[in-house]
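Quick one: the structure is below, and I'll ask about it shortly.
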Amino acid sequence: MGDSCDVKDVNLAEAGGLRIEYASQHMPVLKELGDRFERDKPLSGVRIGACLHVTTETANLMRVLKAGGAEVAVCASNPLSTQDDVAAWLASGLGVPTFAVRGEDNDTYYEHIESVIGMQPQITMDDGCDLLFTIHDKHPDMLAEMLGGSEETTTGVIRLRAMEKRGALGYPVIAVNDADTKHLFDNRYGTGQSTIDGIVRATNVLLAGRKFVVCGYGWCGRGVAMRAKGMGAVVAICEADPLRALEAAMDGFLVMPVKEAARWGGVFVTVTGDCSVLRREHFEVMGDGAILCNAGHFDVEIDIPALREMAVSERRVRPMADEFAMPDGRRLYLLGEGRLVNLAAAEGHPASVMDMSFANQALCAAHLVEKGRSLENRVHRVPREIDAEVARLKLAAMDIEIDTLTPEQERYLTDYQAGT
Ligand code: ADE
């Protein structure tokens with residue numbers, strides 16, 4: 001493995017170490033797995049390439065993988081999500097080849113991915129599928145040697161399923177996102193809270209009474225809408241899927257097309273996974289002061305080139321807020337350059353929810369070491385036992401006891417003859 005790194009400033013390592021230690025206190029499941037991995041070494045000698053948001057939580061996952069005996073290299077999964085102090089600690093405190101600088105341009109982003117590929121990973125751990133895709137696209141010779149991969153996010157899983165459908169997937173991948181202990185918590189409560197956090201840090205606006213539009217009512221959208229409502233905002237949902245739109249309506253939200261919401265709203269959050277959700281026709285009718293941000297994985301949900309083309313001027317008015325002045329005098333504010341607002345303008349999901357997501361990642365890595373070679377080149381579910389184990393460990397860490405069915409109750413559930 002190459003031992004070089006590209007981080008902003010290694011002198012930030014001490015500050016990063018303190019924050020990582022602090023986050024670890026909120027990651028009891030990962031801590032328990034770290035102790036097990038230290039003892040059993042399930043990843044002994046395995047090379048893992050991770051393309052993840054470089055945060056305090058990710059650093060704690062890297063510690064566990066190393067404790068399990070893995071050789072790890074890390075790069076960023078988004079140009080604007082890296083916490084430079086964490087990258088510095090990974091590089092100099094944990095001794096992990098780390099390639100991540102907050103604000104890196106697209107070329108550097110892909111150079112960093114290539115640096116991780118240079119260590120010849122046997123397992124890829126992705127958030128958005130860029131590492132796996134680059135291996136398929138540029139290094140197909142590596143595919144046969146791979147044990148497998150795992151994918152953290154909805155967008156990445158959608159890309160993987162498209163590859164699978166076309167027969168283009170060259171090694172097995174586990175869709176960590178689809179574990180219940182992942183998406184029901186991380187996507188809903190994690191994205192819900194951290195998106196509001198990002199908006200508030202970027203703008204310091206009061207949400208109470210504000211007209212708040214959420215485009216997309218998947219698990220992330222549900223979380224954002226729920227939390228915005230909790231802050232007193234009046235929330236409208238835009239959805240293209242009739243079932244989700246119906247659910248939003250019965251959850252008590254206004255439901256309307258984006259064209260209508262554009263005139264109505266004051267804050268807009270895209271979280272659909274699709275492109276050009278907010279575009280020229282919407283910018284044309286938004287009110288003065290409208291705030292635009294994205295919580296989806298890629299920065300394609302808001303048509304920023306169109307916004308730029310329409311604007312007569314553009315300036316940064318706060319660290320993560322850019323003002324676009326329209327020819328008629330209206331000002332639109334874009335947060336976090338249209339990238340994931342929760343990671344660009346805040347710190348991503350809190351550690352206690354990443355605890356479950358990353359426990360799944362750690363256990364899936366061990367699963368791939370054990371079973372990877374026997375799995376088909378498909379997108380696989382997280383094994384039910386792993387999902388259940390993560391839930392059990394989290395409940396125990398939260399000091400919550402639950403009931404056990406009596407033998408009579410167990411019997412009743414399998415007795416199809418017992419009716420009225
Ligand atoms: N995705 C969302 N929040 C995150 C976090 N805190 N760390 C890593 N990935 C994330």
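When a ligand or atom number is given, it counts from 1 through the structure's own listing order.
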Checklist entry - Salt-bridged, D178 to R161, with N to O below 4.0 Å? => result yes

Item to check | Closest approach of any protein heavy atom to atom 3 (N) of ligand 1, naming residue and atom | outcome: H349 N, 2.8 Å

Item to check | Within-shell test, E152 vs ligand 1, heavy atom, strictly < 4.0 Å | outcome: no

Item to check | Which residue and heavy atom of the protein sit nearest atom 7 (N) of ligand 1, plus the separation | outcome: T55 OG1, 2.7 Å

Checklist entry - Which ligand 1 atoms, with their elements, are less than 4.0 angstrom from a heavy-atom of F358? => result 8 (C)

Next on the checklist: Any donor-acceptor pair under 3.5 Å linking the side-chain atoms of H139 with those of E114?
Outcome noted: yes

Next on the checklist: Is it the case that the side chains of S115 and D6 hold a donor-acceptor pair, with the cut-off being a distance below 3.5 Å and no angle test?
Outcome noted: no

Checklist entry - Between Q361 and E152, is any side-chain donor less than 3.5 angstrom from a side-chain acceptor? => result yes

Checklist entry - Can you name the ring-ring contact (aromatic ring centres under 6.0 Å, His included) partners of H367, sequence neighbours left out? => result none

Checklist outcome for this item: Any heavy atom of M354 under 4.0 Å from ligand 1? The part involved is side chain

Checklist entry - Among all protein non-hydrogen atoms, which one is nearest to atom 6 (N) of ligand 1, and what is the separation to 0.1 Å? => result E57 OE1, 2.8 Å

Checklist outcome for this item: among protein heavy atoms, the one nearest atom 1 (N) of ligand 1 is H53 CD2, 3.6 Å

Next on the checklist: Within the 4.0 Å heavy-atom shell around E347, which atoms of ligand 1 are there?
Outcome noted: 6 (N)

Checklist entry - Which of the atoms in ligand 1, numbered in the order shown and given with their element, are less than 4.0 Å from a heavy-atom of T58? => result 7 (N), 8 (C)

Next on the checklist: Which heavy atom of V101 sits nearest to which heavy atom of K8, and what is that distance?
Outcome noted: CG2-N, 3.9 Å

Checklist entry - Among side-chain atoms of T155 and H297, is any donor-acceptor pair under 3.5 angstrom? => result no

